[in-house]
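The next block holds one structure in the form of structure tokens; read it before the comments.
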2 protein chains.
Amino acid sequence: MQENIKAEGSQKTVEKLKEVARIEFMKNGYAATKTRDIANKAEVNLALMNYHFGSKEKLFEIVMLESIDKLFSFILPTLNDEKTSLGEKFDLLSEGYITMILLEPNLPIFVLNEIQQNPAHFGNQIKMNSAIINSKYIAQLKQADPDTDPIQHLITYLGILLFPFFMRPVMTANGVIEEASFKAAIQERQRLAPLWMKKIVGIV
Amino acid sequence: MQENIKAEGSQKTVEKLKEVARIEFMKNGYAATKTRDIANKAEVNLALMNYHFGSKEKLFEIVMLESIDKLFSFILPTLNDEKTSLGEKFDLLSEGYITMILLEPNLPIFVLNEIQQNPAHFGNQIKMNSAIINSKYIAQLKQADPDTDPIQHLITYLGILLFPFFMRPVMTANGVIEEASFKAAIQERQRLAPLWMKKIVGIV
DNA sequence: GTCTATAGAGGGATAGAC
DNA sequence: GTCTATCCCTCTATAGAC
């Protein structure tokens, strides 16, 4: 029982650290994030943090892999659903994907950026690619528009859905739009994106 | 005359430093870039670098503003051209923009990332927005598709053109495509992007 | 598991000679 | 303008008591 109490305390500490670390890493990037800041904001002793995770790098890897897993595990079932049509997949991806990104808006650009700066951080983990390449979604794209590499369409739709989040700081930091209307624009886009995509691949 | 010789030597040093700094900052990000590395790779003494630029931050600002200026000064004339149709602008943007990005492929994601992490680095400089909002291009988008906020279309086309470059490290680092075929895919996209955009806004 | 204290390395910046 | 030498702060990580 004492062990249980200890384990709970520890578990809570670990979770709190991971939660804060995720936020800090995504806000500042890996290099600019200080272990002291993570420990302070998590109200955990710095040494204790290293006791649990060993190093800043190890903590980073753990936290990021969890986030990426969440990202992929969410869309893969949609991509591989044998029962939904291509048009329905467009709808589902827009609806669900944007909703999820809104919960963690900095994740996409952060992941892309860190991969570019330090591929070793991710290297062997992201093996989901073949699952995407061989998905039902890709097959349906190929069928709808046989003349175009379906990867092109895959990237285009990802771009349409994600790019506004990439542009967000640029737009809001300079008053092109207010932070308030950003969410409204995203919701409007949630409606428009599948319609555009259907036009592009040539389905009704 | 002696002054000229000195000035030339200095000028060359400054240019070399800026060139190397641009590459390093874009590869590693601001925080992870070390002034020592910049100085070494530019084959310039570290102290001399500070003599010329005062600080790492100052060097960063100078280099980045030059890059962003290049980015904007390139597309603004196209956006504001009164003589070209919307369809022609789509063609010109695809053709020219992608060509330019190929020369400095890391710039877009880097700029977006740094803006997010440290808006103060850019804050007051990017005032080009109103020039874009009030451009002929935006007016033509509004005319072609009155029911949709033209900003939505602006972002969509930027996303279609830029997103492949964002995804490049993800794709190539995991063998989805080889680095070699990336360029071929980009060229194919250069052809397809304006066609897609015309479908989206509903012009022939 | 949790703390205090500190080691140890790294990196930005400058003093001062030439 | 250019160099050497070095200061000094910051940050990661660990030793060791509780």
Side-chain angles (χ1 to χ4, degrees), chain A residues 1-64 114 117-118 120-121, chain B residues 1-65 110 114 117-118 120-121:
Chain A
M1 285 303 127
Q2 279 192 1
E3 283 163 16
N4 259 345
I5 292 171
K6 275 188 189 173
E8 275 172 28
S10 162
Q11 194 61 22
K12 217 174 158 184
T13 301
V14 168
E15 287 309 314
K16 182 70 180 168
L17 278 170
K18 289 204 290 190
E19 184 192 332
V20 172
R22 188 178 357 261
I23 295 170
E24 288 299 302
F25 280 136
M26 293 205 300
K27 196 168 71 186
N28 312 313
Y30 176 79
T33 298
K34 305 157 196 174
T35 54
R36 273 183 178 79
D37 287 350
I38 297 176
N40 287 340
K41 293 189 182 175
E43 290 172 315
V44 168
N45 186 279
L46 175 59
L48 184 55
M49 181 174 133
N50 276 316
Y51 168 80
H52 281 299
F53 295 100
S55 73
K56 174 184 178 182
E57 187 149 6
K58 194 70 193 155
L59 172 59
F60 175 81
E61 282 171 9
I62 291 171
V63 158
M64 281 306 103
E114 290 292 335
Q117 287 177 13
N118 197 348
H121 272 153
Chain B
M1 286 304 128
Q2 279 190 2
E3 284 163 16
N4 260 343
I5 292 172
K6 275 185 190 174
E8 277 173 26
S10 164
Q11 193 60 23
K12 216 175 159 185
T13 301
V14 167
E15 287 308 315
K16 182 70 181 169
L17 278 171
K18 290 203 290 190
E19 184 192 331
V20 172
R22 183 172 5 254
I23 295 171
E24 289 298 302
F25 280 137
M26 292 205 300
K27 197 167 70 187
N28 312 314
Y30 176 78
T33 298
K34 304 159 196 173
T35 55
R36 278 179 172 77
D37 286 350
I38 297 176
N40 286 341
K41 292 188 183 176
E43 291 172 315
V44 168
N45 187 279
L46 175 59
L48 184 55
M49 181 176 133
N50 275 316
Y51 168 81
H52 280 299
F53 295 100
S55 72
K56 175 184 177 181
E57 187 150 6
K58 194 70 192 156
L59 172 58
F60 175 81
E61 281 171 9
I62 291 171
V63 159
M64 282 305 104
L65 286 180
F110 173 73
E114 291 292 336
Q117 288 177 12
N118 197 348
H121 272 154

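Naming: A, B, ... by sequence-line order, numbering from 1 per chain.
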Open item on the list: What does the B/S/- profile of nucleotides 5-18 of chain C look like, 5' to 3', with a 4.0 Å heavy-atom cutoff to protein?
Closed with: ------BBBBB---
Task: Positive for side-chain contact (heavy atoms from CB on, under 4.5 Å) with A:Val44, one of A:Leu46, A:Leu48, A:Asn40 - done: A:Leu48
- [ ] Using whole Å, report how far NZ of B:Lys12 lies from P of D:dG1.
- [x] 15 Å
Open item on the list: What is the separation between atom NZ on A:Lys16 and atom P on C:dT2, rounded to the nearest whole Å?
Closed with: 15 Å
Open item on the list: C:dT2, OP1 or OP2 - any side-chain N/O from A:Thr13 closer than 4.0 Å?
Closed with: yes
Task: Euclidean distance, atom CZ of residue B:Phe53 to atom C1' of D:dT2 [Å, nearest integer] - done: 15 Å
Task: Under the salt bridge (charged side-chain N to carboxylate O under 4.0 Å, His left out) test, residues paired with A:Glu24 that sit two or more places apart - done: A:Lys27, A:Lys41
Task: Minimum heavy-atom distance B:His52-B:Ser10, with the two atoms named - done: CE1-OG, 3.2 Å
Task: Nearest heavy-atom neighbours spanning A:Phe53 and A:Lys18 - done: CZ-CG, 3.7 Å
TODO: Evaluate the ring planes of B:Tyr30 and B:Phe25, with Trp represented by its six-membered ring, and classify them as parallel (under 30°), tilted (30 to 60°) or perpendicular (over 60°).
DONE: parallel
Task: Minimal non-hydrogen separation, A:Asn50 against A:Lys56, with atom names - done: OD1-N, 4.5 Å
Task: Nucleotide C:dT2, atom P - distance to CD of A:Glu43 in whole Å - done: 14 Å
